[in-house]
Amino acid sequence: MAKEYNFREIEKKWHQRWVEQQTYHVTEDQNRKKFYVLNMFPYPSGAGLHVGHPLGYIASDIYARYKRLQGFNVLNPMGYDAYGLPAEQYAIKTGQHPEKTTFANIERYREQLDKIGFSFDWDREVRTCTPIYYKWTQWAFQKMFMSFFCNKTQKAMPIEVLTEHFEKEGTGDWDVACTEEMSFTAEEWNSWDEKKRSDVLMNYRLAFMGETMVNWCPALGTVLANDEVVNGVSERGGYPVEQKKMRQWCLRVSAYSQRLLDGLETIEWSESIKETQKNWIGRSEGAEIKIPYMLSAEGEPEGAFTIFTTRADTMFGVTFFVLAPESELVDKVTTPEQRAAVDEYIKYVKSRTERERMIDHTVTGVFCGAYGINPITGEKCPIYVAEYVLAGYGTGAIMAVPAHDSRDYAFAKHFNLPIIPLVEGADVSEESYDAKEGIVMNSPRTEGGSVNYDGESLNLNGKTIKEAIAETKRFVKAHNLGRVKVNYRLRDAIFSRQRYWGEPFPVYYKNGIPTMVPEECLPIELPQVDKFLPTETGEPPLGNATKWAWDEKNKKIVENSLIDQKNVFPIELYTMPGFAGSSAYYLRYMDPHNNEALVSDKAASYWQNVDLYVGGSEHATGHLIYSRFWNKFLFDLGVSKKDEPFQKLINQGMIQGWSSFVYRLRNTNKFVSFDLLEEQYDDAKKKNIYYYQGTEADPVYADISMVSGNVLNVEKIREWTAEFRDAEFILNANGQYIVNQAIEKMSKSKYNVVNPDDICENYGADTLRLYEMFLGPIEQSKPWDVAGIDGCFRFLKKFWMLFWDKDGQLQVDDSEPTAENMKSLHKLIKKVSADIEEFSYNTSIPAFMVATTELTSQKCRSRKVLEPMIVTLAPFCPHIAEELWEALGHSTTVCDAPWPKWDDKYLVESMVKMPVQFNGKVRFTIDLAADMPKDEIEKAALSAPEAAKYLEGQQVVKTVVVPGRIINIVIRPA
RNA sequence: GCGCCUGUGGCGGAAUUGGUAGACGCGCUAGACUUAGGAUCUAGUUUCUCCCGAAGUGCAGGUUCGAGUCCUGUCAGGCGCACCA
């Protein structure tokens with residue numbers, strides 16, 4: 001009887017063994033080099049793991065195991081991003097405490113993960129919702145509150161440094177990051193009371209409370225960060241989002257804009273994700289220019305506002321100015337005559353949702369009545385209010401150059417404003433010329449068309465646009481008309497949410513002043529509430545807590561009834577957003593049980609930062625920005641030891657599922673087979689509409705388990721839900737019901753989820769691991785398709801049979817391997833080593849298959865070949881590798897074996913390959929030994945047996961050695 | 001509109017620095033062993049052609065002795081940002 005590959009027994013055995021022997025437990029071993037592998041930790045959703053989740057985990061596990069075999073001390077932890085909206089919404093619906101459902105989901109995740117055989121060190125598990133973990137989230141927030149950012153040194157510093165400065169010099173000319181630029185003297189600062197100083201400091205703190213425009217989602221009852229809003233609706237749930245001015249906690253992420261941009265140059269991330277971050281940060285170099293304005297066409301200027309432009313060269317083409325409707329300036333520049341029109345316009349703008357504004361780009365706007373004076377030309381131009389100018393970017397005011405900006409152009413055409421071309425040869429009769437190329441003209445248009453400052457007036461005619469921009473900036477700066485300015489699109493992150501299931505803020509309100517709970521009292525634990533909804537008075541859910549007040553003297557949380565505003569004060573009702581807990585978790589893994597520090601200096605110094613980070617690219621503008629920001633702050637504090645948290649990033653693609661649709665005739669309970677429907681494209685809705693005998697049919701999801709191929713199992717779907725039980729199914733001529741299929745993201749709501757447990761059950765974890773890697777390049781999205789899984793399973797069976805004879809006896813001996821054996825082995829080692837380094841695991845699997853087939857047909861028995869084979873396979877399929885390793889008589893785990901080294905000497909078969917004739921020449925490819933001199937290459941080529949048949953009877957005229965490994969031999973027929 | 005990425009058989013996808021295109025798997029075809037096979041094994045499988053042979057990596061050019069790979073243009077698909085001045 002042959003010995004069967006019994007994966008169930010093998011995998012169960014080794015899962016137990018690994019736990020008993022703590023095979024994957026790591027400590028800070030100073031004698032070994034560290035390697036830190038990290039997966040983006042999952043949110044434990046109620047749906048459990050699907051086959052897409054493990055894709056990245058398997059890829060990183062292979063790398064972690066490979067690095068360990070190479071002798072590195074590998075940290076490969078796992079945990080849970082446990083705060084989140086779904087658990088809270090489930091709680092609102094059912095009354096179940098989110099902690100209960102979250103922990104239940106975590107148990108389920110753990111069970112599923114354990115089946116796949118990862119090398120995680122579970123002793124280091126973190127859960128963001130546990131007090132021991134979020135203590136350090138709160139701690140970091142407090143540190144940010146107690147810090148400001150110096151633009152000169154580009155570093156965070158303690159806020160005391162700034163207050164000392166204010167006491168002595170007021171604002172002075174210290175360039176620090178702030179919400180709005182302020183200017184006050186030391187006397188003023190010293191005269192202010194505590195409340196006023198607190199308000200002023202909010203302008204500088206890295207974590208601050210600010211009155212800002214926020215994305216308010218009424219359906220979710222909370223504010224959202226910019227990256228949580230997609231196409232004007234909430235990312236979760238797809239509810240409408242509106243702009244609202246609210247007091248919220250914010251993080252001054254924008255202070256780090258330049259460092260976030262510069263850091264991208266030092267890390268190994270894909271170009272596309274770096275590009276996405278660059279776009280999101282959105283650096284633009286330009287100039288701010290002061291524009292004096294007057295309320296009537298005659299008279300003296302009454303004030304000035306500032307505009308921002310990247311095209312300073314176009315100052316001579318300005319024909320009007322535009323303010324954002326939300327800008328505070330609007331009020332000042334509106335004349336009594338225009339007041340009614342402006343008010344009405346602003347009312348109109350406010351009535352529009354974010355989404356409407358995004359989709360609809362019709363030209364709207366209104367004249368304010370005032371005129372701005374162009375400081376370069378001295379011309380007076382009308383000031384408009386229009387929604388195409390955004391309050392949040394630049395100064396919320398622009399100079400309009402219709403000839404060279406398409407938005408200004410559309411506006412000018414609509415309101416019949418003049419258009420002045422400034423570039424030679426540019427035709428602006430139909431559209432604007434936006435390109436930054438060409439020679440400047442009309443600048444100035446006439447003699448004296450350029451205002452003289454201190455004996456100098458600007459003339460740009462004949463210059464290239466690039467030169468003209470530089471020259472104008474110089475001019476503006478030299479004559480104090482404005483300043484050179486770099487703007488960033490990156491906004492500060494809104495850091496508070498009106499929800500229950502999140503980290504509470506360690507903040508109480510002392511007579512209206514936000515005050516930090518002392519550090520030694522952390523964490524402030526999330527209070528119990530009986531309802532998870534907002535209170536009747538519209539307070540956030542924490543308003544339902546009855547014991548949520550801070551006793552300042554006794555330093556503890558007490559009943560709300562004790563609030564007296566002398567010793568006992570109310571605690572913050574907001575909670576932190578999802579990204580709070582996930583921003584520094586990689587540091588916590590280094591030292592997860594430490595209650596004295598986020599991470600000890602010793603652990604942080606040893607592990608440094610994450611060498612390899614694996615996760616989805618959907619976090620490009622969220623987590624991956626926040627986390628880099630958070631880390632840079634902690635780096636400034638000296639807690640983190642590296643400026644960038646994630647050295648190398650691999651974005652695994654999504655595994656998509658096949659969704660199936662059945663079609664219900666509208667207002668009936670009849671379902672029609674897809675092939676009987678007529679299809680029509682609807683331009684307005686941009687999708688296909690289906691009809692059956694004139695009645696429209698609506699798609700309904702059918703669970704993937706009820707479909708084989710594209711045929712629906714009608715009996716099964718009847719049992720599925722009540723909706724289908726009594727339905728009538730109209731079948732096609734073959735008596736089948738055909739479904740429509742589409743490839744979509746795997747999701748519970750689309751009924752297309754494939755669970756990895758089934759694969760583990762039927763084929764084993766090793767096959768699942770192998771197959772997920774074999775599906776295609778790790779970074780690509782691809783649909784799940786079980787078609788090829790048998791191939792992987794067959795391979796493992798073949799590999800297994802390499803070791804056992806017909807009677808189930810081990811057939812490995814100590815014989816010397818043949819040259820052929822060694823070639824098969826070393827080819828494999830070379831290929832797999834290179835593939836793992838480059839994350840192209842999908843191509844190492846064929847190499848395994850080829851080597852196994854070759855060694856099987858060679859009847860290889862040699863331990864010297866088969867043992868390294870096992871080690872090479874171990875990162876991919878650890879269970880089968882362990883089993884065989886043990887069978888070969890080893891008492892230690894295969895994880896501690898050395899990774900085999902390949903040797904080229906077994907691979908070079910012959911010196912000369914591929915002789916080809918052309919134009920009287922013969923061309924050879926030669927495998928070069930390391931430093932072979934040129935004349936030896938020639939000699940080898942000419943004397944090679946393969947060359948003989950081409951060179952026989954011919955006269956060699958010339959030989960040319962091309963750099964690389966090509967040699968051309970010119971011959972003349974004898 | 002701006003930026004980034006990708007185009008190779010029926011399918012997923014391979015092809016060191018430019019060097020025999022289509023590895024490996026799926027599917028398909030034929031055969032073997034079988035009562036049977038959706039088990040296993042063997043052979044074949046880019047296209048055209050009776051064969052010899054020829055063509056062939058979205059399309060059109062270019063560089064090169066030689067291009068899937070490099071360059072230019074173009075088309076198609078995907079992703080990101082988007083009245084960002």
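All heavy atoms count here, side chains included; hydrogens, waters and symmetry mates do not. A, B, ... follow the sequence lines: proteins, then strands. Residue 1 opens every chain.
- Following rounding to the nearest Å, A:Trp280 (CH2) and B:C2 (P) show an atom-to-atom distance of 21 Å.
- A heavy-atom distance below 4.5 Å is not found between the side chains of A:Phe316 and A:Val440.
- Sequence neighbours left out, the pairs with a member in residues 617-627 of chain A that pass side-chain hydrogen bond (donor to acceptor under 3.5 Å, both in side chains) are A:Asp227-A:Tyr626, A:Tyr613-A:His623.
- Regarding contacts with the backbone of B:A82, a side-chain N or O of A:Arg489 is found under 4.0 angstrom from either OP1 or OP2.
- Taking atom P in both B:G58 and B:A14, one finds a spacing of 14 Å when rounded to whole Å.
- Heavy atoms of A:Ile307 sit nowhere under 4.0 angstrom from any nucleic acid atom.
- Using a 4.0 Å heavy-atom distance criterion, A:Pro777 is classed as a sugar-phosphate-only contact.
- Judged purely by distance below 3.5 Å, without hydrogens or angles, the side chains of A:Asp313 and A:Thr472 never pair a donor atom with an acceptor atom.
- Atom C1' of B:U17 sits at a distance of 12 Å from the matching atom of B:C70, rounded to the whole Å.
- For the pair A:Leu490 CG and B:A82 C1', the computed distance is 16 Å after rounding to whole Å.
- With sequence neighbours left out, A:Lys274 forms a salt bridge (Lys or Arg N to Asp or Glu O under 4.0 Å) with no residue at all.
- Nucleotides B:A23 and B:G13 have their C1' atoms positioned 10 Å apart, rounded to a whole Å.
- Rounded to whole Å, the P atom of B:U16 lies 13 Å from the corresponding atom of B:G22.
- Comparing B:C81, B:U40, B:A15 by their closest approach to the side chain of A:Asn279 singles out B:C81.
- Atoms OH (A:Tyr488) and P (B:C81) sit 20 Å apart, rounded to a whole Å.
- B:U49 sits 36 Å from B:U40 when the P atoms are compared, rounded to a whole Å.
- Inspection of the A:Glu779 and A:Ser270 side chains reveals no N or O donor paired with an N or O acceptor under 3.5 Å.
- Of the candidates B:G13, B:C83, B:C4, the closest approach to any side-chain atom of A:Glu275 belongs to B:C4.
- When each of A:Leu775 and A:Thr364 is assigned the nucleotide of RNA chain B with its nearest heavy atom, A:Leu775 is the one assigned upstream, toward the 5' end.
- Here the separation of B:A67 from B:A15, taken at their C1' atoms, is 13 Å to the nearest Å.
- B:U47 and B:A54 make up a base pair, with Watson-Crick or G-U wobble contacts both under 3.5 Å.
- Atom P of nucleotide B:G13 and atom CG of A:Asp835 are separated by 16 Å, given to the nearest angstrom.
- Counting only residues at least two apart or on different chains, the side-chain hydrogen bond (donor to acceptor under 3.5 Å, both in side chains) pairs with a member in residues 782-797 of chain A are A:Tyr763-A:Asp790.
- Regarding A:Leu261, its CG atom lies at a distance of 17 Å from the P atom of B:C81, rounded to whole Å.
- Judged by the 6.0 Å and 45° rule, A:Arg628 forms no cation-pi pair with A:Trp280.
- When the shell of 6.0 Å around NZ of A:Lys278 is examined, it contains more than 12 heavy atoms from other residues, nucleotides or ligands.
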Under 3.5 Å, N/O pairs linking protein and nucleotides 21-26 of chain B:
unit_1	atom_1	unit_2	atom_2	d
B:C26	OP1	A:Arg794	NH2	2.1

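- Residue-to-nucleotide proximity on RNA chain B shows that, of A:Ser284 and A:Ile273, the 5′-proximal contact is made by A:Ile273.
- Residues satisfying the salt bridge (Lys or Arg N to Asp or Glu O under 4.0 Å) test with A:Glu837, not counting sequence neighbours, are none.
- When both pairing distances are held under 3.5 Å, B:A30 makes a Watson-Crick or G-U pair with B:U42.
- Across the strands present, B:A21 finds no partner; the criterion is a Watson-Crick or G-U wobble pair with both atom distances under 3.5 angstrom.
- Atom pair A:His619:NE2 and B:C79:P shows a separation of 17 Å (rounding to whole Å applied).
- On the P atoms, B:A21 is 14 Å away from B:U46, given to the nearest whole Å.
- The distance from atom CZ of A:Phe411 to atom C1' of B:A85 is 14 Å, rounded to the nearest whole Å.
- The pairing partner recorded for B:U72 is B:A60, the criterion being a Watson-Crick or G-U wobble arrangement whose two distances lie under 3.5 angstrom.
- One atom, CH2 of A:Trp269, and another, P of B:G80, lie 17 Å apart when rounded to the nearest Å.
- Other residues, nucleotides and ligands contribute only 12 or fewer heavy atoms inside 6.0 Å of the CD atom of A:Glu431.
- Nearest to the side chain of A:Tyr388, among B:C4, B:A15, B:C83, sits B:C83.
- Base pairing analysis places B:G3 opposite B:C79; the two distances defining the Watson-Crick or G-U wobble pair are each below 3.5 Å.
- Nucleic acid contact for A:Arg491: base, since at least one base atom lies under 4.0 Å from a heavy atom of the residue.
- Residues A:Phe848 and A:Leu828 form a side-chain contact, since some pair of their non-hydrogen atoms from C-beta on lies under 4.5 Å apart.
- Syn is the classification of B:G9, since its glycosidic angle stays within 90° of 0.
- Comparing the same atom, C1', in B:A85 and in B:A60 gives a spacing of 39 Å after rounding to whole Å.
- Remark: A:Gln780 is not in phosphate contact with B:G12, judged by side-chain N or O atoms under 4.0 Å from OP1 or OP2.
- Judged purely by atom type and a 3.5 angstrom limit, A:Tyr409 uses its side chain to pair as donor or acceptor with the backbone of A:Val428.
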Please produce a list of atom pairs where a protein N or O lies less than 3.5 Å from an N or O of nucleotides 7-9 of chain B.
none

